[in-house]
Amino acid sequence: RQNTQRLQWETDPLYRLIRTIKNVMDRYFLDPLIGLLFPTAGDIFSSVMMLPFLAVSLFRIKSIPLTLAIVYNMLTDMLLGIIPLWIGDLLDIFSRSYTKNFRLIVGFVEGDQEIIREVNRKAVLTAVGILLLGVLIYWLDTNGFRINLYKLCQRILQSSCNRRRTSLSHIKFRKFF
């Protein structure tokens with residue numbers, strides 16, 4: 001039964017896609033190389049290449065904890081990638097987030113208890129992080145820390161008009177925020 005399920009799983013096109021992405025991005029070091037050559041675009045490309053892993057965990061396996069664990073690895077990879085100069089790219093060589101995500105998916109499907117514990121631990125950390133981020137955003141918003149774009153635009157126009165010695169009397173402000 002286990003071998004039949006594994007054979008079915010290995011012939012799935014999405015499984016083959018994530019295996020290929022893992023091999024290309026981690027084994028041939030394409031992920032750190034792209035990040036080194038194209039600093040911001042490389043990190044965005046790396047995040048986009050994680051989408052098939054999320055699709056497998058969310059739509060094929062239908063596991064929220066596995067999806068959160070993959071998001072954890074994805075965010076870790078992104079945080080390493082934004083470290084300036086070549087340091088983040090060097091750390092990205094050793095991180096191998098695609099291999100980690102592939103291992104999580106395969107181990108979760110096969111019922112490996114160690115992998116399932118790791119998935120659950122990362123899922124809890126990610127869920128708590130998302131919750132804390134949501135609370136922080138709510139707190140900042142309710143305590144008046146949001147940017148008042150209306151006032152910001154008005155100040156920018158005022159300062160540019162002062163430099164040109166013109167008047168703002170012909171400009172009609174409309175408050176949207």
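Worth knowing before you read on, the calculation uses all heavy atoms, side chains too, and leaves out hydrogens, waters and symmetry mates.
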I'd like to check the side-chain hydrogen bond (donor to acceptor under 3.5 Å, both in side chains) partners of Lys22; sequence neighbours left out, ordered by chain and number.
none
Qualifying residue for side-chain contact (heavy atoms from CB on, under 4.5 Å) with Leu104, from Ile116, Leu66, Asp112:
Leu66
Shortest non-hydrogen contact from Gly81 toward Asp43
O-OD2, 3.3 Å
For Pro65 and Ala123, the nearest pair of non-hydrogen atoms, with its separation, is O-CB, 3.4 Å
Extract all donor-acceptor atom pairs below 3.5 Å that involve side chains of residues 128-137 and protein atoms in other chains or at least two apart in sequence.
none

Exercise: do Thr99 and Asp26 side chains pair donor with acceptor under 3.5 Å
yes
Would a hydrophobic clustering, with Ile, Leu, Val, Met, Phe, Trp and Tyr connected at side-chain separations under 4.5 Å, put Phe38 with Tyr28?
no
Check whether any side-chain N or O of Thr20 sits under 3.5 Å from a backbone N or O of Arg16 as a donor-acceptor pair, and report yes or no.
yes
With a 4.5 Å limit on heavy-atom distance, are the side chains of Met50 and Tyr98 in contact?
yes
Quick check: is Leu68 connected to Phe59 through a chain of hydrophobic side chains (ILVMFWY, heavy atoms under 4.5 Å apart)?
yes
Contact check, side chains of Val71 and Leu75, non-hydrogen atoms, under 4.5 Å:
yes
Considering all heavy atoms, the nearest Gly35-Asp89 contact:
C-OD1, 3.3 Å
Interatomic spacing from CG in Leu91 to CG in Asp77 - rounded to 0.5 Å:
10.5 Å
I need the Asn101 CG to Asn73 CG distance, nearest 0.5 Å.
4.5 Å
What's the spacing between Thr126 OG1 and Arg121 CZ if we round to 0.5 Å?
9.5 Å
When hydrophobic residues are tied together by side-chain contacts of less than 4.5 Å, even through go-betweens, does Val48 share a cluster with Val56?
yes
Please walk me through it: do Thr76 and Leu79 pass side-chain contact (heavy atoms from CB on, under 4.5 Å)?
CA-CA 5 Å; Thr76 303; Leu79 288 174; 5.9 Å; no
If we only count heavy atoms from C-beta on, is the Val106 to Tyr15 side-chain gap below 4.5 Å?
yes
Is Ile105 reachable from Tyr72 through a run of hydrophobic residues whose side-chain heavy atoms are each under 4.5 Å from the next?
no
Between Leu125 and Val119, is there a shared hydrophobic cluster once you connect ILVMFWY residues whose side-chain heavy atoms come closer than 4.5 Å?
no
Could I get the full list of side-chain hydrogen bond (donor to acceptor under 3.5 Å, both in side chains) partners for Thr67, not counting sequence neighbours?
Ser57
Below 4.5 Å, heavy atoms only, C-beta onward: do Phe53 and Phe102 meet side chain to side chain?
yes
Side chain to side chain, Pro32 and Leu90, heavy atoms closer than 4.5 Å:
no
With side-chain contact (heavy atoms from CB on, under 4.5 Å) as the criterion, how do Leu58 and Ile64 come out once you've worked through the C-alpha distance, each side chain's angles and the decisive distance to 0.1 Å?
CA-CA 7 Å; Leu58 197 56; Ile64 299 295; 3.9 Å; yes
Would you mind reporting whether Met74 and Ser46 have side-chain heavy atoms less than 4.5 Å apart?
no
If you take all heavy atoms of Phe108 and Ile115, which pair is closest and at what distance?
N-CG2, 3.7 Å
side-chain contact (heavy atoms from CB on, under 4.5 Å), that's the test. Do Leu14 and Arg60 meet it? Break it down for me.
CA-CA 9 Å; Leu14 202 50; Arg60 293 285 165 88; 3.5 Å; yes
Salt bridge check, Arg103 against Glu118: does any charged N sit closer than 4.0 Å to a carboxylate O?
yes
Is the shortest side-chain heavy-atom distance between Ile34 and Asp31 below 4.5 Å?
no
For a side-chain contact (heavy atoms from CB on, under 4.5 Å) check, start with the C-alpha distance between Ile82 and Met78, then their side-chain angles and the critical distance, and finish with the verdict.
CA-CA 6 Å; Ile82 62 172; Met78 286 173 48; 5.7 Å; no
Taking every non-hydrogen atom, the tightest pair across Ile21 and Pro52:
CD1-CG, 3.6 Å
With heavy-atom distances below 4.5 Å as the criterion, would you say the side chains of Ile87 and Leu80 are in contact?
no
